[in-house]
Amino acid sequence: ADSYAGIGLYKSTNFGASWRLVASSAKAGIPTRIGAIAVDPFDSNRVMLGGVSHAYDDQGPSTGGLFVSGDAGKTWSRLDFVSAHSYWCHAVEFHPGRRGFVFAAVTEKGIKNGIWISHDGGASWRQATAGLPDTDRFGRTQFAISPSQPDTIYAISARADSDALLGIFRSDNAGQTWRNVTSNFGSEGQMSYGLTIAVHPQNPHHVLCGGVDLHL
């Protein structure tokens, strides 16, 4: 109920001084609730966005999922590696130093939940499992890639069945394997919609994250 629908994707080419609608949800078929946008660092015309809906069986402009454009947002296609039906994509990130590496976080109310990784720009995907909890336990997940050590990536995840924290996970090999680095986090709540994470630009071990409260 806290997610209000928009009308599409806007773009600025002058540092935010002015904006124009480059993709209307009604015309382009992208979600009305967009929660994640990423631009390929090796090809600025390649853009991905993730969206959610209020029901997993929604059809039309409110359908959730991961979408990709190869022409700077003019046209879009939906990626169905998770499901041909509506699923939720909470986060998408391109690796800043490895061409074609993409990380996405999704929920589909089952074993396809969790972290997915592509090494070919989104043409094919594999689900990350090494060192992680069972995939059906994953709820909303957000990523933070270390700018100074970009093979180090963090993921903070809510539990699929509650607003509690599932864990904070770290990979030092671009997502091949992960380990749980959660420590002294307490009974943090509102993780299904309030979670956030960021890495210091020079120190890959300096991380801020939280839900209601911030933790260092």
Side-chain angles (χ1 to χ4, degrees), residues 2-110 112-128 135 138-145 153 155 174-175 193:
D2 292 342
S3 175
Y4 293 95
I7 62 170
L9 184 68
Y10 282 80
K11 177 181 179 179
S12 173
T13 56
N14 54 12
F15 301 98
S18 61
W19 296 81
R20 64 184 178 88
L21 183 66
V22 293
S24 161
S25 293
K27 294 179 180 179
I30 59 175
T32 56
R33 292 176 172 86
I34 299 170
I37 305 168
V39 180
D40 189 336
F42 296 92
D43 179 3
S44 61
N45 287 320
R46 188 167 184 80
V47 185
M48 289 188 176
L49 65 83
V52 303
S53 63
H54 277 308
Y56 281 92
D57 57 353
D58 277 355
Q59 300 297 322
S62 60
T63 298
L66 178 60
F67 292 73
V68 61
S69 171
D71 54 14
K74 296 176 184 177
T75 59
W76 295 84
S77 59
R78 186 175 179 275
L79 301 182
D80 292 339
F81 63 94
V82 175
S83 174
H85 300 289
S86 184
Y87 62 92
W88 293 10
C89 179
H90 305 285
V92 57
E93 295 281 353
F94 286 93
H95 190 293
R98 293 180 180 262
R99 190 182 186 100
F101 275 53
V102 193
F103 304 89
V106 306
T107 53
E108 195 254 344
K109 301 183 77 174
K112 292 186 177 181
N113 290 2
I115 298 169
W116 289 78
I117 301 172
S118 174
H119 291 173
D120 53 17
S124 61
W125 295 81
R126 67 170 181 84
Q127 193 173 22
T135 55
F138 276 82
R140 181 182 173 191
T141 297
Q142 295 289 319
F143 299 118
I145 297 177
I153 180 170
Y193 63 94

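Just so we're clear, the structure is a prediction, and the values are computed from it rather than from any experiment.
A23 approaches W76 most closely through the heavy-atom pair CB-NE1, 3.4 Å. Looking at every heavy atom in both residues, G65 comes nearest to C89 through O-CB, 3.5 Å. Residues P41 and P96 approach most closely at CG-CA, 4.0 Å, considering heavy atoms. For A91 against A36, the heavy-atom pair with the smallest separation is CA-CB, 3.8 Å. In plain terms, the two heavy atoms of I117 and A128 that are nearest each other are CD1-CB, 4.1 Å.
By the 4.5 Å heavy-atom criterion applied to side chains, R78 and Y87 are counted as neighbours. Considering only heavy atoms from C-beta on, W88 stays 4.5 Å or farther from R140 through its side chain. A heavy-atom distance below 4.5 Å is found between the side chains of F143 and I115. For the pair L66/V106, no side-chain contact is recorded, criterion being any heavy-atom separation below 4.5 Å from C-beta on. Residues V52 and H90 form a side-chain contact, since some pair of their non-hydrogen atoms from C-beta on lies under 4.5 Å apart.
We find the CG-OH distance between L21 and Y10 to be 5.0 Å, quoted to the nearest 0.5 Å. Atom NE2 of H85 and atom CG of D80 lie 9.5 Å apart (nearest 0.5 Å). For the atom pair W116 CH2 and R126 CZ, the distance stands at 10.5 Å (nearest 0.5 Å). Interatomic distance, CZ of F94 versus CG of D40, reported as 4.5 Å (0.5 Å rounding). A distance of 10.5 Å separates CG of D71 from CZ of R46, quoted to the nearest 0.5 Å. Atom CG of residue L9 and atom CD1 of residue I37 lie 5.0 Å apart, to the nearest 0.5 angstrom.
Aromatic ring orientation, H95 versus F101: perpendicular (interplanar angle above 60°, classes split at 30° and 60°).
Within the 3.5 Å criterion, the main-chain N or O of P31 finds a donor-acceptor partner in the side chain of S25. Put simply, the side chain of S124 never gets that close to the backbone of G122: no donor and acceptor are under 3.5 Å apart. Formation of a donor-acceptor pair under 3.5 Å by the E108 side chain with backbone atoms of G114 is not found in this model. T32 places no side-chain N or O within donor-acceptor distance of the main-chain N or O of G6, the cut-off being under 3.5 Å. No side-chain donor-acceptor contact under 3.5 Å links S24 to the backbone of G8.
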